[in-house]
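Comments concern the structure below.
Just so we're on the same page: letters track the sequence lines, and every chain starts at 1.
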Number of protein chains: 2
Amino acid sequence: MSRNIKSANIAFRKHDHRRCQRELLSAARRVCELRKLRLTTRRRQVLEILLISHQPLGAYDILAELNRAASGERIAPPIVYRALEFLLAEGFIHRIESRNAFISCVHPGHLCAAQFLICRDCERVAELENSDAALLAQADVLGFAVDHSVVEITGVCAECQKHGG
Amino acid sequence: MSRNIKSANIAFRKHDHRRCQRELLSAARRVCELRKLRLTTRRRQVLEILLISHQPLGAYDILAELNRAASGERIAPPIVYRALEFLLAEGFIHRIESRNAFISCVHPGHLCAAQFLICRDCERVAELENSDAALLAQADVLGFAVDHSVVEITGVCAECQKHGG
DNA sequence: CTGGTTACGTTATAATATAACATTATGTCG
DNA sequence: CGACATAATGTTATATTATAACGTAACCAG
């Protein structure tokens, strides 16, 4: 559990983010190779944009970033949404439903049931990896076959509680 | 726990829904009276539409229903969104983030941390009342002050597993 | 090198949500 | 009562998020 909490906290801890970016990108490359999938330029670009920070971005933010980078081109929404769809399916990113936004996964390719702590002050998002045993047990009692879980907790992070007063 | 599971299951169990509707509506009335709030015609209409079933409805579905009922009037989106905002704030309904939809609460006014089991076959939604102790404990360890939680589990309900094969 | 498949590009539009401001209803206090 | 303050509703326009539909290009298996 302490490992999870530590890893969960990555967005909140100081770390060598250049390296973090590089590692997450090459992890994605490796996973794609293993799965015989194509991490095409577009897909990589979208992933790279999400890897710039550990914050969630809207599809149109990503779109704007793409269009800003590639001056001249005029990229349209479906391109971004298709790349996002791929990255989601392979577990390289997550969708934050309560924000209509997307965020890079800190355990790429695991297809884990992620849980998020979202600070409404600083907007940072921590990803926890724990699955919720109690809830899954309850689903099981009801005979409900779980596919996908969305767990998004909004509140104020420790740091903002100190600073914000 | 068995009580929760039972109540959770209301959308899935046969029950006297006329009565269920009446009870949930009068519960809302009582809560508003207690809190000195106005359950105006519009707000009541929107709640009634959501009480027609235990299924989630989109804002524009509700809008269409309002406009169909009141022939002649041409009600606009902000009216619906404002009523929804009120009903959400008072805990009479919930928002299902992963569907951009709204659903009546089976414990009106409790401001409970609801959790949902959403069947992707029959689209029915069960509301569980349990809060997730493990997750909250973990948030606590991180010093994160929880405000609001979104827990939405998608899968296939027991009934659809039998029928769908 | 050709036919099937996958990914990308383009246009248009659907679906969801809110800003901004005008109007009406409600409660309250002299 | 009646005038004010507040809350709620109504109206117009527009922002934001997402997808349908169809054509083109890239890839790769035989």
Specify the separation, in whole Å, of atom [atom1] of [X] and atom [atom2] of [N].
{"X": "A/Glu73", "N": "D/dT24", "atom1": "CD", "atom2": "P", "answer": "19 Å"}
{"X": "B/Asn67", "N": "D/dT9", "atom1": "CG", "atom2": "P", "answer": "16 Å"}
{"X": "B/Ile79", "N": "D/dA13", "atom1": "CD1", "atom2": "P", "answer": "16 Å"}
{"X": "A/Arg43", "N": "D/dA26", "atom1": "CZ", "atom2": "C1'", "answer": "12 Å"}
{"X": "B/Leu66", "N": "D/dT9", "atom1": "CG", "atom2": "P", "answer": "12 Å"}
{"X": "A/Lys36", "N": "D/dC27", "atom1": "NZ", "atom2": "C1'", "answer": "15 Å"}
{"X": "B/Arg42", "N": "D/dA8", "atom1": "CZ", "atom2": "C1'", "answer": "11 Å"}

| query | Can you tell me how far CG of A/Leu25 sits from CZ of A/Arg29, rounded to the nearest 0.5 angstrom? | reply | 4.5 Å
| task | Give the cluster check for A/Val150 versus A/Ile103: same hydrophobic cluster or not, with ILVMFWY residues linked at side-chain heavy-atom distances below 4.5 Å. | result | no
| Is it true that A/Val146 and A/Leu135 fall in one hydrophobic cluster, defined by side-chain heavy atoms closer than 4.5 Å? | yes
| field | Any donor-acceptor N/O pair under 3.5 Å between D/dG10 base and B/Arg82 side chain | value | yes
| field | Which residue lies more 5' along DNA chain D, comparing B/Arg38 with B/Ala76 via nearest heavy atoms | value | B/Arg38
| remark: When B/Pro77 and B/Thr41 are each assigned the nearest nucleotide of DNA chain D, the 5'-most assignment goes to B/Thr41
| task | Decide yes or no for A/Ile118 and A/Ser98: does some side-chain heavy atom of the first lie under 4.5 Å from some side-chain heavy atom of the second? | result | yes
| query | Would you say the side chain of A/Gln115 lies within less than 4.5 Å of the side chain of A/Glu127, judging by non-hydrogen atoms? | reply | no
| task | Please indicate whether A/Glu23 has more than 12 foreign heavy atoms, meaning atoms of other residues, nucleotides or ligands, lying under 6.0 Å from its CD. | result | yes
| Sequence-distant partners of B/Ala27, side-chain contact (heavy atoms from CB on, under 4.5 Å), two or more places apart | B/Arg30, B/Pro108
| said: Can you work out whether A/Pro78 or A/Ala83 has the more 5'-proximal nearest nucleotide on DNA chain C? | reply: A/Ala83
| said: Of all nucleotides in DNA chain C that come within under 4.0 Å of a heavy atom of chain B, which is furthest toward the 5' end and which toward the 3' end? | reply: C/dT16 to C/dT26
| message | What I want to find out is whether B/Arg42 reaches B/Glu73 closely enough, with some N-O distance under 4.0 Å, to be called a salt bridge. | response | yes
| task | State plainly whether the residues A/Glu159 and A/Arg124 are in salt-bridge range, i.e. N to O under 4.0 Å. | result | yes
| Sorted by number, the residues of residues 53-61 of chain A with heavy-atom contact under 4.0 Å to DNA chain D | A/Tyr60
| query | What are the residues of residues 94-104 of chain A, sorted by number, that bring a heavy atom to within less than 4.0 Å of DNA chain D? | reply | A/Arg95, A/Asn100
| note | Hits for salt bridge (Lys or Arg N to Asp or Glu O under 4.0 Å) against A/Glu152, two or more places apart or cross-chain, chain-then-number order -> none
| Within residues 48-84 of chain B or reaching into it, pairs that qualify as ring-ring contact (aromatic ring centres under 6.0 Å, His included) - sequence neighbours excluded | B/His15-B/His54, B/His17-B/His54
